[in-house]
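In what follows, a structure is listed as structure tokens, so that the remarks can point back to it.
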Amino acid sequence: MTQTKDSRQRRQNYQFSAMNSNDQNCQDEEEGDRETLLQDSEAPVHRGLAGLKGELGNILLLLFLYILQGIPLGLAGSIPLILQGKSVSYTDQAIFSFVFWPFSLKLLWAPLVDSLYIKKFGRRKSWLVPTQYLIGLFMMYLSLTVDDLLAGEHGPDMLALTATFFLFEFLAATQDIAVDGWALTMLSRENVGYASTCNSVGQTAGYFMGNVLFLALESADFCNKYLRSTPQPKGMVTLPDFLFFWGAVFLVTTTLVALLKKEHTNARVNREETQSVKEAYGLLLSIVKMPAVLKFCLMILTAKIGFSAADAVTGLKLVERGVPKEHLALLAVPMVPLQILLPLIISKYTAGPKPLNVFHKAMPFRLLMGLEFAFLVWWTPHVSHEGGFPLYYYFTLLLSYALHQVALYSMFVAIMAFNAKVSDPLIGGTYMTLLNTVSNLGGNWPATMALWLVDHLTSKECTGAEGQSCVDHDAAEVNLSLDK
């Protein structure tokens, strides 16, 4: 990962720097302080050790923090599947999809996270520690109220449920800002590209535990079939239990990070820190106005429109057509090794000077996978029978998901590597968050729009309930009562 002088120069020219008036001074200071950075930063790379081995502890800490970040994302991702089993409409699903928007809006408060901190405690820990404490406490509170939100008199209380999980994800997004910014100074410049690997691997592992593992253990059918000798009416884990457990994990581990991990300062880091909120927002505005940034944002905001329906609706449509949600969750289990290995493999191709080449090459392949998913949704009712679905059907789903993951991670790791490469530590959290936020927003707004359009582009008729459309919860309940 060692960069040559030419590659460093290309990188400086390639960065979206907001400090054009000080370019020459910054270049001179960078050359003069390179030794200081390597010796005094939080991730020193000793000359006698390989760079990666010398920073193994910091890489593992970043990986752990991103795992914690994936838990709230996984839990929020499991709720739409639970809601689908309660016959909510796709319009309600579109409303709940706003839960994921804090990761697309975090740019609005990222400068505050970058600028306001307690110097003695640490620039990133000043936000990371209290935010993770709040996440832990919020999960414990949610464990007491989530059942009421999901089981209202007229079905789930969608507005209250959405508002509650929106706040939950807001805290997770704030933690992400702090971790993204810390990664830029915790790792040396030679190894900062591994931040994207920690992000993708850590979030994947956390999402797996918060989504796949939870849905499997929450399912009575799955637990009775595979994990119990005596059948029980409920799964081995309930949503309140799961929330309470991870709330306790957040509280304990955050305390350990607060006490054991120090943020060491040096002259380079002090010079790069922003001094006020006004300066941070001013620098952010300068970055946004740059032509290169505007072109990049436009590309990322529109690049995922072609995948939105396939990514947002396929799983819900499969559940609607009879595929058990716990079986869909189990299909993700063999995907975990692939999801862990893919970033490691892809990062070798994104570590060079042009990581976006991988993004562009993966795009046509991912568009074709959307057509494949449309075929699977159409095919599903034709292979279902009273005993469920045949083994070859699940094998086809597994193969399709595996191919989709290759395209998805190729694009994700490429974007993360590009963002880390061009981010300026001067406003580390805000700079990287700007680029990551645009990428998230480019995926979220098309997904919300796709979910909202499903009901409007779909015609339904309840069997045994003439004149009913089945597009909302009450109409579906009429159908269920008549079927009985």
Side-chain angles (χ1 to χ4, degrees), residues 42 56-79 99-100 102-103 106 110 113 121-143 146 164-187 194-215 217 237 239 241-263 332 336 339-340 343 412 416 429 432-433 436 440:
E42 294 174 284
L56 184 59
N58 288 324
I59 289 175
L60 291 177
L61 175 59
L62 273 181
L63 181 65
F64 173 72
L65 292 175
Y66 280 119
I67 288 175
L68 289 182
Q69 185 183 123
I71 299 297
L73 291 172
L75 284 171
S78 69
I79 299 299
V99 163
F100 302 99
F103 276 82
K106 60 187 178 180
V113 178
F121 189 54
R123 186 183 185 187
R124 305 305 176 186
K125 286 173 61 179
S126 294
W127 286 90
L128 178 70
V129 172
T131 298
Q132 292 195 168
Y133 273 134
L134 287 174
I135 292 175
L137 294 173
F138 192 82
M139 293 177 83
M140 289 187 169
Y141 165 77
L142 196 57
S143 70
V146 69
T164 301
F165 273 87
F166 185 92
L167 179 58
F168 190 29
E169 296 304 295
F170 169 81
L171 294 173
T174 304
Q175 187 254 21
D176 181 55
I177 298 170
V179 176
D180 284 347
W182 202 359
L184 297 178
T185 53
M186 186 183 295
L187 301 181
Y194 284 100
S196 64
T197 303
C198 292
N199 186 315
S200 56
V201 174
Q203 278 195 7
T204 296
Y207 192 93
F208 171 81
M209 289 185 282
N211 185 281
V212 178
L213 183 63
F214 162 69
L215 287 174
L217 296 180
V237 173
L239 182 54
D241 293 339
F242 200 80
L243 284 165
F244 187 88
F245 170 78
W246 280 107
V249 170
F250 264 87
L251 294 178
V252 172
T253 56
T254 301
T255 301
L256 294 176
V257 172
L259 295 176
L260 301 180
K261 179 60 180 176
K262 304 294 182 181
E263 282 194 64
V336 173
Q339 291 170 338
I340 293 176
F412 174 73
M416 291 298 298
M432 192 168 181
T433 298
N436 292 344
N440 290 332

Report task. Determine the minimum heavy-atom distance between Ala205 and Ile67, stating which atoms define it. Result -> CB-CG1, 4.1 Å
Query - Atom pair CG/CD1 of Leu68 and Ile135 - distance to nearest 0.5 Å - result: 8.5 Å
Query - Nearest heavy atoms of Gln69 and Ala172, plus distance in Å - result: CG-O, 4.4 Å
Requested in this report: Verify side-chain contact (heavy atoms from CB on, under 4.5 Å) between Arg123 and Thr185, making sure each step is shown before the conclusion.
Outcome: CA-CA 11 Å; Arg123 186 183 185 187; Thr185 53; 5.9 Å; no
Query raised in the report: Do Met139 and Val249 have side-chain heavy atoms sitting under 4.5 Å apart?
Result: no
Requested in this report: Determine yes or no for a side-chain-to-main-chain donor-acceptor pair under 3.5 angstrom, with Lys106 supplying the side chain and Ile177 the backbone.
Outcome: no
Query raised in the report: Can a donor-acceptor pair be found between the side chains of Tyr66 and Thr204 at a distance below 3.5 Å?
Result: no
Report summary line: d(Thr174 OG1, Leu134 CG) to nearest 0.5 Å is 9.5 Å
Query - Whether Ser78 side chain and Leu75 backbone form a donor-acceptor pair below 3.5 Å - result: yes
Requested in this report: Report yes if the side chains of Phe121 and Val129 come closer than 4.5 Å at any heavy-atom pair, otherwise no.
Outcome: yes
Query raised in the report: How far apart are the closest heavy atoms of Ala173 and Pro102, and which atoms are they?
Result: CB-O, 3.8 Å
Query raised in the report: Where the side chain of Thr131 meets the backbone of Leu128, is there a donor-acceptor pair that is under 3.5 Å apart?
Result: no
Query raised in the report: Relative to each other, are the rings of Phe138 and Tyr141 parallel, tilted or perpendicular (30° and 60° limits)?
Result: tilted
Requested in this report: Calculate, to the nearest 0.5 Å, the distance between atoms CE and CH2 belonging to Met140 and Trp246 respectively.
Outcome: 12.5 Å
Query - Other residues, nucleotides, ligands: >12 heavy atoms within 6.0 Å of Tyr133 OH - result: yes
Query raised in the report: Closest heavy-atom contact between Phe250 and Gln132?
Result: CD2-O, 3.8 Å
Query raised in the report: Do Thr253 and Phe64 touch side chain to side chain, with heavy atoms closer than 4.5 Å?
Result: yes
Query - Smallest separation among heavy atoms of Ala76 and Val99, with atom names - result: CB-CG1, 4.1 Å
Requested in this report: Return the minimal non-hydrogen interatomic distance between Gln175 and Leu65, and the atom names on each side.
Outcome: NE2-O, 3.2 Å
Query raised in the report: Is there side-chain contact between Ile79 and Leu239, with heavy atoms separated by less than 4.5 Å?
Result: yes
Requested in this report: Rounded to the nearest 0.5 Å, what's the gap from CG on Leu142 to CG on Leu243? Could you check?
Outcome: 5.0 Å
Query raised in the report: Rounded to the nearest 0.5 Å, how far apart are CG of Asn199 and CE of Met416?
Result: 3.5 Å
Report task. Answer yes or no: is there a side-chain heavy-atom contact under 4.5 Å between Ile59 and Met186? Result -> no
Query raised in the report: Would you say Ser143 and Asp241 make side-chain contact, with heavy atoms under 4.5 Å?
Result: no
Report task. Please step through side-chain contact (heavy atoms from CB on, under 4.5 Å) for the pair Phe242 and Leu217, ending with a clear verdict. Result -> CA-CA 10 Å; Phe242 200 80; Leu217 296 180; 5.6 Å; no
Report summary line: Value for CD1 (Ile71) from CZ (Phe214), rounded to nearest 0.5 Å, stands at 12.0 Å
Query raised in the report: Counting only N and O atoms by type, is there a donor-acceptor contact under 3.5 Å from the side chain of Gln203 to the main-chain atoms of Leu73?
Result: no
